[in-house]
Structures are given as structure tokens and as C-alpha cells.
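Counting starts at 1 for both ligands and their atoms, in listed order.
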Amino acid sequence: MLYGVFSDVHSNLEALDRVLGFLEDSGAEGYICLGDLVGYGPQPDECLSRIRGLRNLSIVCGNHDLAAIGRMDLEWFNPYARAAVLWTQRRISKESRAFLAVLEAKLETDNFTLAHGTPRKPPEEYLLSPAQFQENVPYVRVWPLFVGHSHMPLCFRTPDKKKGKAEVLFLEDSQEVRIARTPSRVLPIALNPGSVGQPRDHDPRASCALFDSEKGTFRLSRLDYDIPAVQAKIREAGLPEFLALRLAFGQ
Ligand code: ZN
């Protein structure tokens, strides 16, 4: 099955529509969403209603989603993130609230595992280093693992059987990763599709990926979208100016 994989939408409808259009055109038959659907951006309800309508959807929530409905306190949020969470709390609809209320930050299916951050501490911990990846391996039963949260397109894996050392790859546009397996199981690998609505790797284009579960491939794509339109909506909504500016720099 071909899955569209995406994360960290952050209420950015222009970027989300671009990504979903691309994944649909690419033949996606199912979707994997790694959380942080809301926060930072100006259109939470519109983004949630698009995502709710996706077929064969496997989804987890992120820290911003939990905070938006009062399931996580704001102590660890920076001032911009906090301002956006409070704005989102005041604004989101009953339907959006109900949808977010039943999501967990980690999900295991028959074919893969999802965690917003890491499987060990799913909404909070950022998966950023090979050492951390190795520490998290015992917390996963079904590979591959898909993660979000860092807003960086990354792959962690243990390719060297002799050394057994994990490595990290920074994924670029059109880069394809092969998911290694033995006849009986998929080998440990963590894949992050980057962020749809607020990339932080100095590339402002929306990020997403296609996962082919039969071929065992994960292919990253970067897509241009109308950044000035989102910036105008952020200003109109009265959200912090910094949240508009950062979109143009991909950070
Ligand atoms: Zn996020």
C-alpha cells in the first residue's frame, strides 16, 4: 500500500492543501499523520476538517494538539508557541476538540508504529541523535517507526551489522530511503517526513513523504506553496509577527 506521510501541519492550510494534493496525485491510498495539527498558524479548524476526511488514516497527536484542548500545560512552551496555543484554545470548534480529544501521542498498528516525538516519551522528546535512536529501539515492537516533532526530515537506522552503530541521514527533496528487512522482520528504522506547515531546516518548502509498504521505500518531497498568503492570515489573526516571518526562512 502507498501511504502519504506528513507531520507538524500547525494550522497552515495553504501548505496542507499543497501536500494533500500532491500525495493524492501520487496515488496515496492511505495516510500517516504524526501530530501537531494545530498551533502557530491561523486555520486550525480548516486543517482539522481536511485531515478528518482522509481515508485509511493512522494518526497521533502532538504536544500542541494536547495543549490546544487543555490536555497539557503550557510551562514548556516558548512565548510565541504559548500565544498561539491560547489563540487556538479560544477559537477551535467543538468538532475539532472532539477529534483531538481521542488521539494518543503513540500508536502501534500491524504494519508500523507512530510517535509524535519518540516512542519512549511520545509527545515531548525530540528524536535528534543516533544515540537517542538506539535508546528508543526497545520501546518499539513493529517497525518502521514514523516520528515528527523536530520539523526536520530525518532517517535513523542501524545499517552496519558488525558495528551495530546507528546513523542519521538528513533527507533532501526526492531522496529515497530503502527500509531494510530480513525474511521475517523489518530492521529498526525511524523516519521523519519533516514539517508541512513550519519547516525548520532552512528550506521553507512544505515537506512530506510517500511510504510504499510493499517495496519498502520512503521518498521525501519538498513543495512550494503560497507563503505570503499564510503570512497575511497570521497578521490578520493577530498572532505574533515572528510566526509569519519564520515561514519565509524555513526556521
Ligand atoms: Zn510541531
Need the atom name: nearest N/O/S atom of Asp36 to the Zn ion (ligand 1). OD2

Looking only at N, O or S atoms in Asp8, which is nearest to the Zn ion (ligand 1)? OD1

So, do Phe242 and Tyr80 have ring centers that fall under 6.0 Å from each other? yes

Would you say the Zn ion (ligand 1) has His151 as a near neighbour, meaning an N/O/S atom of that residue under 2.8 Å away? yes

Would you say His10 has an N, O or S atom lying under 2.8 Å from the Zn ion (ligand 1)? yes

Parallel, tilted or perpendicular: which fits the ring planes of Phe112 and Phe211, with parallel below 30° and perpendicular above 60°? perpendicular

Sidechain N-carboxylate O distance under 4.0 Å for Lys233, Glu14: yes

Sidechain N-carboxylate O distance under 4.0 Å for Arg219, Asp173: no

